[in-house]
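These notes are about the structure you will find just below.
In what follows, chains are A, B, ... by sequence order, proteins preceding strands, each numbered from 1.
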2 protein chains.
Amino acid sequence: MPEPRQRADAVRSREAVLDAAEALFARSGPAEVSMNAVASAAGVGKGTVFRAFTDRAGLLQALAERRTAALRRAVAEGPAPLGPGAPPHERIPAVLDALARFKLDNQSLYLVLEEAGAASPYRSPSYTWWHTTLRDSLAQCADAGRADFVAHALLAAVRADLIAHLLTVEGLSVDEIRDRLAVYVRSVLPRDTHA
Amino acid sequence: MPEPRQRADAVRSREAVLDAAEALFARSGPAEVSMNAVASAAGVGKGTVFRAFTDRAGLLQALAERRTAALRRAVAEGPAPLGPGAPPHERIPAVLDALARFKLDNQSLYLVLEEAGAASPYRSPSYTWWHTTLRDSLAQCADAGRADFVAHALLAAVRADLIAHLLTVEGLSVDEIRDRLAVYVRSVLPRDTHA
DNA sequence: TGCGATACGGACCGCCGGTCCGTATCGTCG
DNA sequence: CGACGATACGGACCGGCGGTCCGTATCGCA
């Protein structure tokens with residue numbers, strides 16, 4: 001199966017829809033962006049949107065993939081402290097801090113993305129990637145068998161709706177959130193590796 | 001305003017709807033229970049359901065309130081280790097374990113309950129209550145200023161969709177989940193109080 | 001330049017949460 | 001005990017959602 005190539009107009013439409021969707025999600029609240037709205041904002045028929053992305057979840061996922069590409073690259077192959085070269089007890093807080101900052105900058109998108117709805121966020125490739133990365137780093141940090149759960153728990157601490165709540169309802173500043181998170185993450189990591 | 005009293009039939013309907021809803025949520029998956037289904041399962045018109053609970057969120061909240069009453073009482077005024085008499089470093093793991101077990105027993109209800117949807121779960125009175133309880137216990141455990149965030153982070157570790165994922169996708173047993181959680185919670189609590 | 005394959009658009013579908021109002025029931029008071 | 005005002009009931013109804021379908025327009029290869 002040699003990748004049947006895509007027609008030029010299809011590629012153009014796909015791009016237009018992604019751009020429009022990104023703009024809409026940035027501007028408005030979570031569930032307020034309908035597929036209809038995306039389609040007409042992109043200057044495209046509804047059918048085209050669904051042809052390109054299958055369903056709502058597909059569009060959201062494509063959006064996430066595109067938006068996080070740079071950050072993921074920085075973590076996967078960049079320099080310390082984010083990259084794989086850094087020692088775990090530096091890398092883990094750095095990665096979580098970067099992820100938290102990123103979610104703070106892309107709140108509305110992530111609020112939608114992590115909405116349970118049909119498929120839980122835990123099945124999405126995006127979550128799985130972060131979890132695996134974190135788990136592997138944690139596994140170098142002594143508590144091998146528990147690394148899997150700890151990775152989940154740490155990621156849960158930076159869930160979009162929690163962060164939004166801290167910011168909006170509890171009135172914390174971005175730096176306060178980052179600070180609390182940093183302290184918390186350090187408290188979870190084993191003490192013996194602390195030097 | 002002397003509480004205008006309710007008519008007998010209204011009370012009966014309310015009860016019938018709660019019973020029916022509880023049964024439906026226990027049986028089926030999360031988003032698969034429509035208000036229409038609840039109404040007809042309760043042998044009642046749709047209007048009656050909305051009259052009694054205002055909207056979907058109201059019904060869900062009433063359901064949660066009713067279902068967790070016993071557990072909340074045990075935590076608020078019961079004996080150690082759950083009750084307020086227990087020392088924090090025993091009470092906190094006990095409370096989280098109890099909460100996790102409870103969510104394991106009421107998965108589908110909690111999956112619906114914690115769905116972001118309109119209002120985030122963090123604004124619900126139920127969440128606020130658990131958070132306050134946990135925060136107060138944590139505050140007796142040294143790290144005063146951070147207690148608020150730590151309470152959020154620990155509660156995030158027992159979110160319904162995470163627990164469901166561990167159980168369903170990762171195939172952990174109930175006891176494995178409780179064990180991982182216990183170890184994790186202990187790692188978060190300050191070491192100095194460890195004896 | 002012609003023609004098969006592909007993509008486009010928007011009318012259309014079933015269903016959802018939520019509203020509305022004519023009708024039936026309640027409970028109080030004479 | 002009968003009658004009447006207040007309250008609750010039920011289900012037709014509404015706007016809008018995610019998703020489908022198919023006649024039509026466009027693409028790109030020969």
Interatomic distance where [atom1] belongs to [X] and [atom2] belongs to [N] [whole Å]:
X: Arg14(A); N: dC8(C); atom1: CZ; atom2: C1'; answer: 16 Å
X: Arg56(A); N: dT20(D); atom1: CZ; atom2: P; answer: 15 Å
X: Phe50(A); N: dT6(C); atom1: CZ; atom2: C1'; answer: 20 Å
X: Glu32(A); N: dC17(D); atom1: CD; atom2: P; answer: 11 Å
X: Met35(B); N: dT19(C); atom1: CE; atom2: P; answer: 10 Å
X: Lys46(B); N: dG18(C); atom1: NZ; atom2: P; answer: 9 Å
X: Asp55(B); N: dG17(C); atom1: CG; atom2: C1'; answer: 9 Å
X: Arg51(B); N: dG22(C); atom1: CZ; atom2: C1'; answer: 13 Å

For nucleotides 28-30 of chain D, print each protein N/O atom paired with a nucleotide N/O atom at under 3.5 Å, atom names and distance only.
{"residue": "dG28(D)", "atom": "OP1", "partner": "Ala8(A)", "partner atom": "N", "Å": "2.8"}

My understanding is that only residues two or more places apart in sequence, or in another chain, count here; which of them pass side chain to side chain donor-acceptor pair (under 3.5 Å) with [X]?
X: Arg27(B); result: none
X: Thr48(B); result: none
X: Arg51(B); result: none

Can you see if the side chain of Thr48(A) gets near the phosphate of dA7(C) - specifically, an N or O under 4.0 Å from OP1 or OP2?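 Negative; the distance criterion is not met.
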
Distance check: side-chain N/O of Ser13(A) vs OP1/OP2 of dC8(C), anything under 4.0 Å?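 Yes, such a contact exists.
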
Tell me which pairs pass salt bridge (Lys or Arg N to Asp or Glu O under 4.0 Å) where either residue lies in residues 121-135 of chain A, with sequence neighbours left out.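 Pairs touching residues 121-135 of chain A that pass the test: Arg135(A)-Asp148(A).
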
5' precedence on DNA chain C between Ala57(B) and Gly47(A) (nearest-nucleotide basis):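 This one resolves to Gly47(A).
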
Name of the residue among Arg178(B), Lys103(B), Arg180(B), Arg91(B) meeting salt bridge (Lys or Arg N to Asp or Glu O under 4.0 Å) with Asp97(B):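 It is Arg178(B), the one option of Arg178(B), Lys103(B), Arg180(B), Arg91(B) that forms the salt bridge (Lys or Arg N to Asp or Glu O under 4.0 Å) with Asp97(B).
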
Test side-chain contact (heavy atoms from CB on, under 4.5 Å) applied to Val11(A) - qualifying residues, sequence neighbours left out: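 By the side-chain contact (heavy atoms from CB on, under 4.5 Å) rule, Val11(A) matches Gln6(A).
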
Relative to the 5' end of DNA chain D, which residue comes earlier, Asn36(B) or Ser34(A), by the nucleotide with the nearest heavy atom? Asn36(B)

How long is the gap from OH on Tyr122(B) to CG on Asp161(A), to the nearest 0.5 Å? 4.5 Å

